[in-house]
Amino acid sequence: MPYFDAASAAPLHPVARQALLASLDEGWADPARLYREGRRARLLLDAAREAAAEAVGCRPDELVFTPSGTHAVHTGIAGALAARRRVGRRLVHSAVEHSSVLHSADAHVAGGGSVSEVPVSSSGAVDLADFVREAGVEGTALACLQSANHEVGTLQPVEEVAHACREAGVPLLVDAAQSLGWGRVEGPWSLLAASAHKWGGPAGVGLLVVRKGVRFAAQGPVDEREAGRAPGFVNLPAVVAAAASLRAVRAEAEEEAARLRGLVERIRVGVGASVADVEVVGDPVRRLPHVVTFSCLYVDGESLLHALDAEGFSVSSGSSCTSSTLTPSHVLRAMRVLSEGNVRVSLPWGAAEGDVERFLRVLPGVVEGVRAALGAPSGGAHAAAPAGTSLVVDALGKRCPIPVIELAKVIGEVAVGGTVTVLADDAAARLDIPAWCGMRGQEYVGEVGEGRYVVRRVS
């Protein structure tokens, strides 16, 4: 069964498995102890730290292992903000950061701090000038920017931002979870966080790097382990496996990136050619080599994922109908793109070309099946109607894509120049109705009152 969700968790790399099993026998003792077993464990820990530091491009004593990438982000943000409290309490981050950054920002606001969220383009990238301007505002204690987006694969201008932040005297924390397996994060960043299960290491291991000279005050109870930044007994076998797998994937990264980039480009082109009313999102050039994301009009994301699963494909989605919050992904919202029928394909190391080709063969029929089950309209022609007519579609209590489907069914019943008002209380409608207008060549007038979306027929 093809697994196409490596951006969530990559399959365990063979080197990680070997290192994990070997270190279970050799690395079970406390590395802080001076007896033989402790010294052996300490050697393993030191070697893992050196290997990880080499991959990151930092000094070994700047890097600590944490229980997860999320823990690394939370610890890094809290410690950097606390150390610069006299400078100010302002935190800057992009609108498409991982939820771990957003949750840290919420906690910071609850504690009396302030946050500035920098918007992104429709490709998911921040504008360099906008981000630098916000980071340079007086009182800014910390800026956060991911190296690559976890949902659409877009790369951020981290190196340029890092240089600008250094000139402004503002530390920059980089969430490198999605990109570290592919290469170093360039530039004079101050802090970096990553997660081993994104590159084929075991779950439960994160990295936090704090450069020498960066002010940092660890928050919460601390002990003598991991420089006081990750208290508790380190999971040494998992740490050893994480470092070993990072070194292994880096050795293969250039060749594998080129291969996967070709397969992803095949998906980007193939989806657009074989599936009607689809929007491929994310930057087409400045992106991770293994991630492609697209959204299908008139499709329920959850039904689409279940149908693909039945065909043997494991993919993920940012559609609201696949989330527990019933709201579209904050990344898709920030990009202002279609959210319904959203699919993220993230290919793992070694993904087979034949599996990608079969996915492209299966996808059109799966999409059409979901659309048919929802009663979605087919074709784009609209019949003429008496001039000046207008309609109201009551889609309250119905989740997308139903409000959009209902709009598509009745737009032909109003004359060119006439309007359709859609009443919808699903938050996804705020993205999907304007997106439908753009794809169908109609005019989105706007949201006139809460949950009242007005569309004018122009063709």
Side-chain angles (χ1 to χ4, degrees), residues 95 119-124 271-272 275-282 293-301 304 318-321 326-342 367-368 370-459:
V120 297
S121 67
S122 59
S123 70
V271 167
V275 181
D277 298 318
V278 67
E279 181 180 16
V280 181
V281 300
T293 304
F294 56 89
S295 298
C296 304
L297 199 61
Y298 309 139
V299 170
D300 168 27
L304 182 55
S319 295
S320 61
C321 47
L326 302 184
T327 59
S329 125
H330 70 277
V331 172
L332 300 179
R333 288 203 311 271
M335 293 169 62
R336 302 171 300 282
V337 296
L338 182 68
S339 72
E340 64 187 54
N342 179 262
V367 171
E368 286 307 308
V370 174
R371 286 172 173 166
L374 291 171
S378 60
H382 302 303
T389 59
S390 62
L391 288 174
V392 176
V393 173
D394 185 355
L396 295 172
K398 299 177 181 178
R399 295 178 59 192
C400 280
I402 300 303
V404 178
I405 291 175
E406 295 300 318
L407 166 63
K409 287 179 176 179
V410 304
I411 191 69
E413 297 177 18
V414 299
V416 172
T419 62
V420 176
T421 299
V422 182
L423 309 181
D425 48 12
D426 183 352
R430 194 165 282 115
L431 291 178
D432 294 347
I433 291 177
W436 178 88
C437 291
M439 297 173 76
R440 279 286 178 263
Q442 309 298 344
E443 178 188 352
Y444 177 61
V445 177
E447 186 176 1
V448 183
E450 183 72 20
R452 296 177 61 89
Y453 304 93
V454 180
V455 175
R456 179 174 286 111
R457 180 180 176 187
V458 296
S459 64

Residues two or more places apart in sequence or in another chain: which of them pass side chain to side chain donor-acceptor pair (under 3.5 Å) with R333?
-> none
Any donor and acceptor pair, going by atom type alone, linking the side chain of K409 with main-chain N or O of G375 inside 3.5 Å?
-> yes
Name all residues meeting the side-chain contact (heavy atoms from CB on, under 4.5 Å) criterion together with T421; count only those two or more places apart in sequence or in a different chain, and write none if there are none.
-> V392, L423, R452, V454
Rounded to the nearest 0.5 Å, how far apart are CD1 of I433 and CG of D426?
-> 9.5 Å
Cationic N near anionic O, under 4.0 Å, R440 to D277 | yes
Nearest atoms (heavy-atom pairs only) where A95 meets P119 = CB-CA, 4.3 Å
Derivation and outcome, side-chain contact (heavy atoms from CB on, under 4.5 Å), residues T419 and V455 | CA-CA 5 Å; T419 62; V455 175; over 6 Å; no
Would you say D432's side chain and L338's backbone share a donor-acceptor pair under 3.5 angstrom?
-> no
Closest heavy-atom pair and its distance - K398, P403 = O-CG, 3.7 Å
Closest contact, heavy atoms only, I411 versus R457 = O-CD, 3.5 Å
Has the side chain of R430 got a donor or acceptor atom that lies under 3.5 Å from a matching backbone atom of A428?
-> no
Closest non-hydrogen contact found for V422 with A395 is CG1-CB, 4.5 Å
Return the set of residues passing side chain to side chain donor-acceptor pair (under 3.5 Å) with S123 (not counting sequence neighbours), or none when no residue passes.
-> S121
side-chain contact (heavy atoms from CB on, under 4.5 Å) filter on D425, not counting sequence neighbours, yields L396
Nearest non-hydrogen partners of L374 and D300, listed with the distance | CD1-N, 3.6 Å
Kindly indicate, with the supporting measurements, whether the criterion side-chain hydrogen bond (donor to acceptor under 3.5 Å, both in side chains) is fulfilled by T389 and E413.
-> CA-CA 8 Å; T389 59; E413 297 177 18; over 6 Å; no
Please determine, by modelled atom types, if W436 and Y298 share a side-chain donor-acceptor pair under 3.5 angstrom.
-> yes
Applying side-chain contact (heavy atoms from CB on, under 4.5 Å), name anything that partners V278, two or more places apart in sequence or on another chain.
-> V271, V275, F294, C296
Interatomic distance, CD@E279 vs OG1@T293, rounded to 0.5 Å, equals 11.5 Å
Heavy-atom side-chain contact between V410 and V420 under 4.5 Å | yes
Atom pair OG/CD of S459 and E443 - distance to nearest 0.5 Å | 11.0 Å
With sequence neighbours excluded, residues passing side chain to side chain donor-acceptor pair (under 3.5 Å) with Y453 = none
Pairwise distance OG(S329) to CG(L431) - rounded to 0.5 angstrom | 9.0 Å
Closest non-hydrogen contact found for V458 with G441 is CG2-O, 2.9 Å
Tell me, please, which residues at least two apart from A276 pass side-chain contact (heavy atoms from CB on, under 4.5 Å).
-> R371
Okay, side chain of E447, backbone of G451: is any donor-acceptor separation there less than 3.5 Å?
-> yes
Between S295 and E340, do the side chains contain an N or O donor and an N or O acceptor separated by less than 3.5 Å?
-> no
